[in-house]
Amino acid sequence: MTRFVVVTFGCQMNEHDSERMAEVLRDAGYERTDRPSAADIVIVNTCSVRDKAEQKLLSELGRLSKLKRTRPDLALVVAGCVAQQHGKRLLARVPALDLVVGPDHIAELPELLRQIELGGPPQAHTGFDLDEPRFLSARPGRAGAAPSAYVTVMKGCNERCSFCIVPHTRGPERYRPSREIVDEVARLVSAGTREITLLGQTVNSYVDPGAGQLGAASAEPASGWRHHPPSQARRDQSQFAELLRLIAREVPGLWRLRYASPHPRYLTAPLIVAHAELPVLARHVHLPVQSGSDRVLRRMIRRHSVAEYLERTDALRAAVADLSLSTDIIVGFPGETRADFQKTLRLVERVGFTGLFGFKYSPRPCTPALRLGDDVAEEEKSARLAELFGLVESLRQKHLGQCVGTTQLVLVEGRGRNGRYTGRTERNEIVHFDADEPLAGQIVPVTIVRAFKNSLDAELPGSPRRGQSTPRHALPVLPC
Ligand code: 5AD
């Protein structure tokens, strides 16, 4: 049987795409392996959001090209954002490549591979499915569904953040009918999935494309946003809050609902109310802010101010007790001064983010910020990033320390290599604990006993301390 491997770089969206590729290929009779050396087809699913990811791909392709010299039958495929960005040019640059496929061509993979197997020439397919957008559904595997799964609700991006290549590589926003989304969530939940993360580039700008159930767009005005005069502000038509309500109503068996990644512009009043009213929504939101300086935010074309970000996150916190927030920050954006960066540190402290992805600005092709140059020295970017990570580290330590002694509901993902169970709390803290019973996929209450650097040590109530052998009381596992 022909075997394939998918090597994934990048974000959750890419991981999700890789799983869809694997499903499409398995359906076509291919077998998955996890080692390129054992594969007949190697698919590298790529990310181009920062230059480093692209460089990583090029060195991976160098290694694979060498492998192909010893095994000429090996088929080499590049998928994802770099495929989309470079298209045919990638075929010219890496002669060992057989196929370049953009994110909207996953369904065609088996047919394209068949043509390669029959001796066809290398091909590049990078059009966007603008007329009839396709969204491939996740299918629970033979071994049942994973405790946690992603469901795509929209793709592409209509924002024009000046640093970001995504509108170029993923195209304009296209939305999936709400009926289809609810059906996929219901299918996964009935197969055993407990937690769903809704995915989209700006997931909360979601609008039901009509074939769904949400009805006419809610005409929620973009009130409270003063950063741009109303004539410039896009009237907010988003229906994300309604989508969340629909899922909560129609799939009552779902235990936890998350989403990634929202844009602050669409953290609307209805979405905040949904957080207050829907117990299924996790008490954690990852809300990228990118900078704490209004001057930098304007140059980034983020279309919101620091005050607006704070206004919305404060409202969200007032609506949901103990909600935790995490974010993305870019340091060393063109023109970012030390004073701008200090404002970012102040914002991080003020919000008290418990998680943060920090990046050094990386100039990307086809982005408006290219015209601004890249004037912050590399060492200065590194120094700012280190300072930012230091601050977040101390905020996280404080937060994790405050968890000690509390009881948290943990969705158990499985056992780690050391045999301990690992799971996540509602607020997305990672928890480790011991138990003998099969608990994967369950939600269990645990008592937090210690804070590690990035995670928590916990015990099941009534369980013996590690090393003791007294039998435990009945497990307080919540009903399914
Ligand atoms: N340089 C550095 N970081 C970037 N990101 C996106 N584009 C760039 C870039 N050109 C970061 C942003 C975004 C995350 C996914 O990647 O913080 O939220």
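Bear in mind the structure is a predicted one, so any value in this text is a computation, not a measurement. Whatever order the structure lists ligands and atoms in, that order sets their numbers, starting from 1.
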**Complete:** From the list Arg170, Arg20, Lys155, salt bridge (charged side-chain N to carboxylate O under 4.0 Å, His left out) with Asp104 holds only for Lys155
**Message:** Quick check: His168 with Phe128 (ring centres under 6.0 Å apart)?
**Reply:** no
**Prompt:** Can any side-chain N or O of Gln239 pair as donor or acceptor with the backbone N or O of Asp208 at less than 3.5 Å?
**Reply:** yes
**Request:** Return each pair, listed once, that meets salt bridge (charged side-chain N to carboxylate O under 4.0 Å, His left out) where at least one residue sits in residues 348-362; pairs must be two or more places apart or across chains.
**Result:** Asp314-Arg350, Lys360-Glu378
**Carboxylate-amine/guanidinium contact Glu380 Arg384, below 4.0 Å** = yes
**Message:** I'd like to know if the side chain of Ser162 and the backbone of Arg299 have a donor-acceptor N/O pair within less than 3.5 Å.
**Reply:** yes
Can you produce the list of protein nitrogen or oxygen atoms under 3.5 Å from a nitrogen or oxygen of ligand 1, alongside each distance?
from     : atom 1 : to     : atom 2 : distance (Å)
ligand 1 : 1 (N)  : Ser362 : N      : 3.0
ligand 1 : 10 (N) : Phe163 : O      : 3.0
ligand 1 : 10 (N) : Ser362 : O      : 2.7
ligand 1 : 16 (O) : Arg50  : NH1    : 2.8
ligand 1 : 17 (O) : Gln290 : OE1    : 2.7
ligand 1 : 18 (O) : Gln290 : NE2    : 2.9
ligand 1 : 18 (O) : Asp328 : OD2    : 2.6

